[in-house]
Protein chains: 2
Amino acid sequence: MDAQFKKGVLELCVLSQLKEQDRYGYELTERISKELSVTAGTLYLILKRLKDSGYVETYLMESTGGPARKYYHLTEQGENYRKNQKQEWLAFVEKAGKLI
Amino acid sequence: MDAQFKKGVLELCVLSQLKEQDRYGYELTERISKELSVTAGTLYLILKRLKDSGYVETYLMESTGGPARKYYHLTEQGENYRKNQKQEWLAFVEKAGKLI
DNA sequence: CTTACTATATTGCATTACATAATAGTATAT
DNA sequence: ATATACTATTATGTAATGCAATATAGTAAG
């Protein structure tokens, strides 16, 4: 897969996943990498960015096996951002489609 | 427009434009920026990349007003690359769509 | 008990593509 | 002459990802 295509879209994928329900980092890695082959390092960087921007909040919960899971929750601000990014993405795909 | 979305796709847009017919740099800038807001500098960088990779060839032709135009022609190798990139792009959009 | 493996989180360095801005040359119109 | 439109090019910075390494906790195997 062309790595460049992912730039910017992975963030939207994360936001969309978190809209459904809170999820922890490793879980997001598993889910998203099933479709788009992404590494953990990339995902955690995106999550840090989103947290620094106030788009997600985090809390810890114990795991059945392994270290505690850090769950990510979409804030209201994050949901607004998600909606906006989704619209931008759809518009972008349409415009690009005209040229391709 | 989110600049990140463009990563990798601009190149495909250029290739697609050149599949129809040979075009010169300034012309490509005009056409593509109508849809996707791209500057000349970015376009010429992409064109240089494509030339260095053997995906396009160039030749000069006089202009009616202004400096000579440098036309870009898609090579056979470039056309194969374009087909491949187009498929990858479509597949990517579909996969991302599942997550969004 | 110790070794190995899975689950989970984090961080550092390199690469790549795009943005922005500046430079430069030619022709035409005023 | 001067401004303006057309055309091409290059330099510097930023941002997002890839890859690889580190760290910790639990569980299973020997």
Side-chain angles (χ1 to χ4, degrees), chain A residues 1-15 22-33 35-53 55-56 58-72 85 88-89 92 95-96 99, chain B residues 1-15 22-33 35-53 55-56 58-72 85 88-89 92 95-96 99:
Chain A
M1 168 185 314
D2 190 317
Q4 294 302 319
F5 290 158
K6 296 181 207 164
K7 301 292 173 70
V9 189
L10 280 179
E11 185 184 85
L12 175 56
C13 291
V14 170
L15 291 167
D22 296 359
R23 298 188 191 280
Y24 55 99
Y26 188 80
E27 186 186 9
L28 286 167
T29 304
E30 297 279 294
R31 291 177 66 90
I32 297 185
S33 67
E35 299 289 344
L36 297 183
S37 86
V38 68
T39 64
T42 299
L43 245 296
Y44 283 110
L45 225 42
I46 291 173
L47 288 167
K48 178 152 192 328
R49 233 160 55 210
L50 292 173
K51 186 176 183 185
D52 290 345
S53 305
Y55 295 148
V56 302
T58 62
Y59 57 93
L60 287 174
M61 274 187 70
E62 288 186 9
S63 164
T64 53
R69 296 168 171 168
K70 184 183 276 187
Y71 277 83
Y72 293 82
Q85 285 298 99
E88 287 222 24
W89 169 245
F92 174 78
K95 287 176 183 170
L99 291 166
Chain B
M1 168 185 312
D2 191 317
Q4 295 304 319
F5 289 158
K6 295 180 205 165
K7 299 295 169 70
V9 189
L10 280 179
E11 185 185 86
L12 175 55
C13 291
V14 170
L15 291 167
D22 295 0
R23 299 188 191 279
Y24 55 98
Y26 187 79
E27 187 187 9
L28 287 167
T29 304
E30 297 279 295
R31 291 176 66 90
I32 297 185
S33 66
E35 298 289 343
L36 297 183
S37 86
V38 68
T39 63
T42 298
L43 245 296
Y44 283 110
L45 225 42
I46 292 173
L47 289 168
K48 177 151 192 328
R49 231 160 57 208
L50 292 174
K51 187 176 181 184
D52 290 347
S53 305
Y55 294 148
V56 302
T58 62
Y59 56 93
L60 287 174
M61 275 187 68
E62 287 186 11
S63 162
T64 53
R69 295 166 171 167
K70 183 184 277 189
Y71 277 83
Y72 293 81
Q85 285 298 100
E88 288 223 23
W89 169 246
F92 174 78
K95 286 177 183 171
L99 292 166

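Here is the naming used below: chain letters follow the sequence lines, and residue numbers restart at 1 for every chain.
In this structure the side chain of B:L47 never reaches within 4.5 angstrom of the side chain of B:T58, judged on heavy atoms. Within the 4.5 Å cutoff, the side chain of B:D2 has no heavy atoms near those of the A:F92 side chain.
The distance from atom CD1 of B:I32 to atom C1' of C:dA19 is 16 Å, rounded to the nearest whole Å. Rounded to an integer number of Å, the gap from CD of B:Q4 to C1' of C:dT16 is 11 Å. The CG-C1' distance, from B:L47 to C:dA17, rounds to 14 Å in whole Å. As rounded to whole Å, 9 Å separates atom P of C:dA9 from atom CG of A:L60. Taking atom CG on A:L43 and atom P on C:dA7, their separation rounds to 16 Å, with Å as the unit. As rounded to whole Å, 16 Å separates atom C1' of C:dA9 from atom CD of A:E62. The CE-P distance, from A:M61 to D:dA25, rounds to 19 Å in whole Å. Between B:R23 atom CZ and D:dC6 atom P the separation is 17 Å, expressed in whole Å.
Residue-level contact check: A:Y71 touches neither bases nor backbone, having no heavy atom under 4.0 Å from any strand. Among the protein residues, B:G8 comes within range of the sugar-phosphate backbone only, with heavy atoms under 4.0 Å from sugar or phosphate atoms but none that close to a base. No engagement by B:F5 is indicated, since no non-hydrogen atom pair under 4.0 Å with the nucleic acid exists. Heavy atoms of A:G25 sit under 4.0 angstrom from primed sugar atoms or phosphate atoms, though from no base atom. Backbone-only engagement by B:T64 is indicated by non-hydrogen atom pairs under 4.0 Å involving sugar-phosphate atoms exclusively.
Nearest-nucleotide positions on DNA chain D place A:T42 closer to the 5' end than the other of A:T42 and A:S63.
Considering only side-chain N and O atoms, A:R49 lies under 4.0 angstrom from the phosphate OP1 or OP2 of D:dT17. OP1 or OP2 of D:dA8 has not a single side-chain nitrogen or oxygen of B:Y24 nearer than 4.0 Å. Distances shown here put a side-chain N or O of B:K70 below 4.0 Å from the OP1 or OP2 atom of D:dT9. Applying the 4.0 Å criterion to OP1 and OP2 of D:dG18, one finds that A:K6 has a side-chain N or O inside that range.
Using a distance-only test at 3.5 Å, with no hydrogens or angles considered, a donor-acceptor pair links the side chain of A:K6 to the main chain of A:S37.
Annotation for B:L36 and A:A96: closest pair CD2-N, 4.2 Å, computed over non-hydrogen atoms.
Rounded to the nearest 0.5 Å, atoms CD (B:Q4) and CD (A:Q85) are 10.0 Å apart. Annotation: the span from B:E62 atom CD to B:T64 atom OG1 amounts to 10.5 Å, rounded to 0.5 Å.
Distances from the side chain of A:Y44 to the nucleotides D:dA25, C:dT11, C:dA19 place C:dT11 closest. Considering only side-chain atoms of B:Y26, the nucleotide from D:dA8, D:dG18, C:dC18 that sits closest is D:dA8. Closest approach to the A:P67 side chain among C:dC18, D:dG18, C:dA7 is made by C:dA7 (side chain taken as heavy atoms from C-beta onward). Taking every side-chain heavy atom of A:L45 into account, D:dT17 is the closest of C:dA19, D:dT17, C:dT10. You'll find that the side chain of B:V38 is closest to C:dA19, out of C:dA19, D:dA8, D:dT9.
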